Amino acid sequence: MPEQGKKIIIGIGGYLILKQIMNVILGAGFFTTFLPVVITVFLYLKLWKYTNYAAAVIILLIVLRYLPANLSGLPGTWLYLTEGILDIGAAAVLLGSKDVKAYFNQTE
């Protein structure tokens with residue numbers, strides 16, 4: 001289970017980095033680019049037992065921050081709205097996956 005959780009974390013981290021590359025191409029600022037990379041590093045290094053929960057909360061706060069603008073800008077913001085839906089899915093996996101929890105709760 002912990003090994004599967006690590007694979008899930010790597011997948012979510014890869015998604016976060018790829019979406020930020022896309023956002024930089026589309027004109028995002030430094031902070032919005034920097035934060036998901038930091039989240040990915042913290043998840044991968046497993047610096048804290050509850051990193052998955054903290055990362056999920058931060059991801060959800062980012063979604064909530066941009067949700068009103070993404071909804072009001074439709075149809076021109078459908079790509080960002082889709083990104084938000086994928087972010088909610090990633091946060092749900094970080095919060096609910098037994099494999100992810102096993103990965104963060106294992107002692108080395």
Side-chain angles (χ1 to χ4, degrees):
M1 281 177 72
E3 189 59 36
Q4 183 64 25
K6 184 176 183 178
K7 290 177 185 176
I8 293 170
I9 292 300
I10 291 171
I12 290 173
Y15 158 72
L16 290 172
I17 290 174
L18 286 175
K19 83 171 193 142
Q20 288 318 115
I21 291 170
M22 180 193 73
N23 283 334
V24 167
I25 291 169
L26 296 174
F30 176 74
F31 179 73
T32 56
T33 303
F34 180 71
L35 188 58
V37 173
V38 170
I39 291 170
T40 300
V41 170
F42 279 25
L43 284 172
Y44 184 74
L45 295 178
K46 198 168 62 168
L47 296 177
W48 181 44
K49 181 179 180 180
Y50 302 107
T51 304
N52 59 318
Y53 296 111
V57 168
I58 292 169
I59 291 169
L60 290 173
L61 287 173
I62 292 170
V63 170
L64 289 174
R65 161 68 176 89
Y66 292 102
L67 184 62
N70 290 340
L71 289 174
S72 67
L74 284 174
T77 56
W78 67 268
L79 182 63
Y80 295 112
L81 195 57
T82 303
E83 177 186 329
I85 292 167
L86 292 173
D87 286 350
I88 291 169
V93 170
L94 288 172
L95 293 172
S97 170
K98 289 182 169 116
D99 294 329
V100 171
K101 289 178 185 177
Y103 173 67
F104 281 99
N105 289 324
Q106 75 180 2
T107 56
E108 297 185 47

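As the structure is a prediction and not an experimental result, all values here were calculated from the model. One-based numbering along the sequence shown.
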Check: Rounded to the nearest 0.5 Å, what separation is found between the CE atom of M1 and the CD1 atom of I8?
Finding: 9.5 Å
Margin query: Main chain of L94, side chain of S97: is a donor-acceptor contact present, judged purely on distance under 3.5 Å?
Written below: no
Next item on the list: Identify the two heavy atoms, one from V63 and one from G84, that lie closest to each other, and give their separation to 0.1 Å.
Entry: CG2-O, 3.8 Å
Notebook entry, point to check: What residue among I39, T40, V41 forms side-chain contact (heavy atoms from CB on, under 4.5 Å) with L43?
Noted result: I39
Next item on the list: Search all heavy atoms of K101 against all heavy atoms of L95 and return the closest pair with its distance.
Entry: CE-O, 3.0 Å
Checklist line | Given V37, I59, L86, the one that forms side-chain contact (heavy atoms from CB on, under 4.5 Å) with L16 | finding: I59
Note to self: Does any part of the side chain of I12, heavy atoms only, come nearer than 4.5 Å to the side chain of V100, both counted from C-beta?
What the structure shows: no
Checklist line | Side-chain heavy-atom pair T77, Y66 within 4.5 angstrom cut-off | finding: no
Check: Are L45 and I10 connected in the hydrophobic side-chain network, where two residues link if heavy atoms are under 4.5 Å apart?
Finding: yes
Next item on the list: State plainly whether one hydrophobic cluster holds both F104 and L60, where clusters connect Ile, Leu, Val, Met, Phe, Trp and Tyr through side-chain heavy atoms under 4.5 angstrom apart.
Entry: no
Next item on the list: Given side-chain contact (heavy atoms from CB on, under 4.5 Å), test L79 with M22 step by step and report yes or no.
Entry: CA-CA 11 Å; L79 182 63; M22 180 193 73; 4.1 Å; yes
Margin query: Does the plane of the ring in Y50 sit parallel, tilted or perpendicular to the ring in Y53? Use 30° and 60° as the thresholds.
Written below: tilted
Item checked: Donor + acceptor pair across side chains of D87, Y15 (<3.5 Å) -> yes
Item checked: Over all atoms of both residues, closest heavy-atom pair of K6 and Y103 -> CB-CE1, 3.6 Å
Note to self: Working to the nearest 0.5 angstrom, can you tell me the gap between L81 CG and I85 CD1?
What the structure shows: 4.5 Å
Checklist line | Polar side chain donor-acceptor pair, N70 to E83, under 3.5 angstrom | finding: no
Item checked: Non-hydrogen atoms of N23 and Y80 that approach each other most closely -> OD1-CE2, 3.6 Å
Margin query: According to a hydrophobic-cluster definition based on side-chain heavy atoms being under 4.5 Å apart (Ile, Leu, Val, Met, Phe, Trp, Tyr only), do F42 and Y44 belong together?
Written below: yes
